[in-house]
Amino acid sequence: MAEPQVVARFEIPFRACLGADGKALGELPAFVSNPQLLRDMYAMMVRARAFDTKAINLQRTGKLGTYPSCLGHEATQIGIGAAMHADDVLFTVYREIGIKFWRGVEMLDVLLYWGGDERGTRYRQTPHDFPFCVPIGSQMPHAAGAAWAMQIRGEARCALACVGDGGTSQGAFYEAINLAGAKSLPLVCVIINNGWAISVPVAAQTAARTLAQKAVAAGVPAVQIDGNDVLIVREVVAEAVERARRGAGPTVIEALTYRLSDHTTSDDATRYRGSAEVDAARARDPVARMRSFLQSRELWNEEAEQALRHRCSEEIDTAVSQYLATPKQSTDSMFDYLYAQLPDGLQAQREEARRYATPGH
């Protein structure tokens, strides 16, 4: 019997720019020379967190539906948004409000969506971006399909899909990255690994040391990054986007972050997660890290912080007022866009819905 031969070897690199204290770990990306970009990224992180807090309060007072907090994900989300081009197409799960805000989605839109109004998915700035996707992993084949369409049309664009750690355990994830690898599609997949798929920890989902390595079987390059470091997120995602846009194929990026909140406002994370773990994660807070970095370079101070928070508060209050004043959708909207000629059975359902929608019924 011949000696076994090694036919392939793989490595998953880990990349980071900043330590938990906000200090540089080495040479920084070239874009760091642009102070306004750095301030804009930090401001959007604060804006997303402030909105998030308000949205939770609205849900608790019965003015919003079940809501998934983005607390702790701000660096990953803003870094992704800052790396994309305007004509790229975004596919998110349900937590990525920061990316949407960076790309011009209005606060009112997000409030409408989580208030049960589908008109909140009609994005004026980026109408080609897809809405939030709640069914786990189901956005991945859509993203691969969009990337394939771009390739067929010869467009220098890319599709960027976010997926959670739990989503990588779905067959749809594997199918999408396998197609992307086989066809060398312009797809960038960012795995947002926050440690928990609702109450299921990553260790209970897979024996793999990283989630990035799941791309190896599809022949797709992969990298793991510190998802609480907005600088490295922006740098690595931008590299992957440029690679995809020039026709060099897909990339899978695993961003390590942490969900500091409950999974949604319908969850109680204290039932499955210890306080020591959460406290340790808070020490790696992405917002505090970026603020520390800016202050160390004399690009931020307390006066700027207070002015930013005041602007965010005013903007959020305006959006909430608009949301609460928005007339409810007609129940007819559930039926208007299904058929050119509505079947008899659905016509009856429409009439019944109208009766239930009548005040005092």
Side-chain angles (χ1 to χ4, degrees), residues 16-25 28-29 31-32 34-57 67-83 92 95-103 105 107 110 162 190 192-196 225-237 255-263 269 275 277-316 319:
C17 284
L18 302 177
D21 56 3
K23 293 181 180 179
L25 300 175
L28 294 174
F31 71 81
V32 174
N34 182 344
Q36 191 56 51
L37 175 60
L38 298 179
R39 285 191 288 260
D40 288 347
M41 288 195 297
Y42 174 71
M44 194 62 78
M45 292 169 70
V46 172
R47 184 172 177 261
R49 181 166 291 191
F51 175 88
D52 194 68
T53 300
K54 184 65 174 182
I56 292 172
N57 290 339
Y67 174 79
S69 171
C70 73
L71 185 64
H73 287 219
E74 295 88 355
T76 296
Q77 295 182 5
I78 302 309
I80 292 171
T92 68
R95 204 180 301 278
E96 287 77 31
I97 63 167
I99 312 177
K100 291 183 181 289
F101 285 165
W102 185 275
R103 290 177 62 75
V105 173
M107 291 180 176
V110 177
C162 298
V190 183
I192 302 176
N193 182 356
N194 66 21
W196 292 88
I225 61 175
D226 184 344
N228 284 352
D229 175 353
V230 70
L231 301 186
I232 199 63
V233 176
R234 200 271 186 187
E235 176 75 352
V236 173
V237 174
L256 300 178
T257 183
Y258 194 84
R259 192 190 78 217
L260 290 170
S261 63
D262 295 328
H263 176 68
S275 59
E277 177 183 327
V278 179
D279 290 343
R282 288 188 187 281
R284 303 188 297 274
D285 186 324
V287 175
R289 182 185 303 195
M290 186 55 174
R291 181 179 179 182
S292 178
F293 174 73
L294 292 177
Q295 290 174 330
S296 71
R297 299 171 76 90
E298 298 184 350
L299 298 175
W300 202 254
N301 55 38
E302 184 60 30
E303 182 181 357
E305 182 74 16
Q306 293 307 314
L308 169 62
R309 292 183 180 276
H310 179 71
R311 291 196 304 272
C312 290
S313 179
E314 287 189 330
E315 185 182 7
I316 292 166

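All values reported here derive from a predicted model rather than from experimental measurement.
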Practice task
Applying side chain to side chain contact (heavy atoms under 4.5 Å, CB included), run through Leu231 and Met290 and close with a yes or a no.
Solution key: CA-CA 9 Å; Leu231 301 186; Met290 186 55 174; 4.0 Å; yes

Fill in the blank from the handout: With sequence neighbours left out, the residues meeting side-chain hydrogen bond (donor to acceptor under 3.5 Å, both in side chains) with Thr92 are none

Problem - Counterpart residues, ring pair (Phe, Tyr, Trp, His ring centres under 6.0 Å), relative to Tyr42 (two or more places apart) - result: Trp300

Handout entry: Any residue meeting side-chain contact (heavy atoms from CB on, under 4.5 Å) with Asn301, in chain and number order, not counting sequence neighbours
Key = Glu303, Ala304

Practice task
Apply side-chain hydrogen bond (donor to acceptor under 3.5 Å, both in side chains) to Asn194 and list each qualifying residue two or more places apart in sequence or on a separate chain.
Solution key: His73

Problem - Any residue meeting salt bridge (Lys or Arg N to Asp or Glu O under 4.0 Å) with Asp226, in chain and number order, not counting sequence neighbours - result: Arg289

Handout entry: Pairing residues for Glu74 by the side-chain hydrogen bond (donor to acceptor under 3.5 Å, both in side chains) criterion, not counting sequence neighbours
Key = Arg49

Exercise for the section: Check salt bridge (Lys or Arg N to Asp or Glu O under 4.0 Å) between Arg297 and all other residues, then give those that pass, not counting sequence neighbours. Expected result: none

Practice task
Using atom types as modelled and distance alone, determine if a side-chain donor or acceptor of Asp262 lies under 3.5 Å from a backbone N or O of Ala269.
Solution key: yes

Exercise for the section: With sequence neighbours excluded, give me every salt bridge (charged side-chain N to carboxylate O under 4.0 Å, His left out) pair touching residues 38-47. Expected result: Arg47-Glu315

Handout entry: All side-chain contact (heavy atoms from CB on, under 4.5 Å) counterparts of Ala50, not counting sequence neighbours
Key = Cys312, Ile316

Handout entry: Distance-only side-chain donor-acceptor flag, Gln306 / His310, under 3.5 Å
Key = no

Problem - Partner set under salt bridge (Lys or Arg N to Asp or Glu O under 4.0 Å) for Arg103, not counting sequence neighbours - result: Asp129

Exercise for the section: Quick one: list whatever passes side-chain contact (heavy atoms from CB on, under 4.5 Å) with Ser292, sequence neighbours left out. Expected result: none

Problem - Nearest-0.5 Å distance that lies between atom CE in Met45 and atom CZ in Phe101 - result: 14.5 Å

Fill in the blank from the handout: Applying salt bridge (Lys or Arg N to Asp or Glu O under 4.0 Å) to Glu298 and not counting sequence neighbours gives none

